[in-house]
Amino acid sequence: MNNASTMKWLLLTLTLLLFFLLESALLPWIMPLEWRSELSIYPKLVLIGTVYIAIFTNRHIGGAYALAFGLLQDAQFYGHMIGVNAFAYGVAAYAAGLLMRPNHVSLFSVFFVQLSALLLEEIATYALYRLFSVTDADFGWMFVHGMLPSILISLFLALALYIPTRKWLESPRSERDSDEE
């Protein structure tokens, strides 16, 4: 790796750390209390970032970042069950990288892939919590009151970050094609 490439990955890691801090420390203070208590809205900036990494660079790197930052979230917030976010984030980011064809990146396709990844993460998290009896909430209620509002606010943030992320992360096709092989 050359110096510019190393600097790019260091900045990418620091950006994801900043997203983690925003998601865990700043956004709960900005959002109204009713959104957090009644609707359970939690935007997923870290997941959005790792999905963009999987889309614009490489699905393996995006999955690795998702696993690492998911485990960081598990250790920080969800002490009763370690590994749920790591698994759900990793699967969602890797699947996003699989869904996206490198030469067919458009706003609509990225919107669809982000929606799919967010939905997959929410359903995987719910399924694991339900499997290990952490929650007994009905899926329909959980979808309407927790998953759907979080997905919508996260999609809004993903669309707001689309253009700067694409300009920053997208590499020429020849580099991206050789990375995928």
Working to the nearest 0.5 angstrom, can you tell me the gap between Ser154 OG and Leu47 CG? 7.5 Å

Spatial distance of atom CE (Met100) from atom CZ (Phe112) [nearest 0.5 Å]: 9.5 Å

Would you indicate whether Ile163, at its atom CD1, is surrounded by more than 12 heavy atoms from other residues, nucleotides or ligands within a distance under 6.0 Å? no

Using side chain to side chain contact (heavy atoms under 4.5 Å, CB included), reason through Val46 and Leu72 one step at a time and then give a plain yes or no. CA-CA 11 Å; Val46 173; Leu72 180 64; over 6 Å; no

Within a 6.0 Å radius of atom CZ on Phe156, are there more than 12 heavy atoms belonging to other residues, nucleotides or ligands? no

Residues Leu21, Leu17; criterion side chain to side chain contact (heavy atoms under 4.5 Å, CB included); working and verdict: CA-CA 6 Å; Leu21 290 173; Leu17 280 172; 5.7 Å; no

Has Glu121 got a side-chain atom pairing as donor or acceptor with Ala92's backbone, closer than 3.5 angstrom? no

Please write out which residues are connected to Tyr94 in a hydrophobic cluster, directly or through intermediates, given that two of Ile, Leu, Val, Met, Phe, Trp, Tyr count as joined at side-chain heavy-atom separations below 4.5 angstrom. Leu98

When rounded to the nearest 0.5 Å, the distance separating OH of Tyr52 from CD1 of Ile55 is 7.0 Å

Nearest-0.5 Å distance, NZ of residue Lys167 to CZ of residue Phe56: 12.0 Å

Nearest atoms (heavy-atom pairs only) where Ile82 meets Leu71: CG2-CD1, 3.9 Å

With rounding to the nearest 0.5 angstrom, report the CG to NZ distance, Asn85 to Lys44. 7.0 Å

If you look only at pairs with a residue in residues 124-138, which of them pass as a salt bridge (Lys or Arg N to Asp or Glu O under 4.0 Å), with sequence neighbours excluded? none

Path from Leu67 to Tyr89 over hydrophobic side-chain contacts below 4.5 Å: no

Are any side-chain N or O atoms of Tyr126 and backbone N or O atoms of Phe139, one a donor and one an acceptor, separated by less than 3.5 Å? yes

I need the minimum non-hydrogen distance between Arg59 and Gly97, along with the two atoms involved. CB-CA, 3.6 Å

Would you please say whether a donor-acceptor pair under 3.5 Å links the side chains of Tyr65 and Thr13? yes

Over all heavy atoms of both residues, which pair between Ala117 and Ala96 is shortest? Give the atoms and the distance, please. CB-CB, 4.3 Å

In Å, rounded to the nearest 0.5 Å, how long is the span from CZ of Phe69 to CZ of Phe20? 8.5 Å

Intermediate values then yes/no, side chain to side chain contact (heavy atoms under 4.5 Å, CB included), Phe87 and Thr125: CA-CA 9 Å; Phe87 173 76; Thr125 302; over 6 Å; no

Is a donor on one side and an acceptor on the other found under 3.5 Å between the side chain of Ser109 and the backbone of Ser106? yes

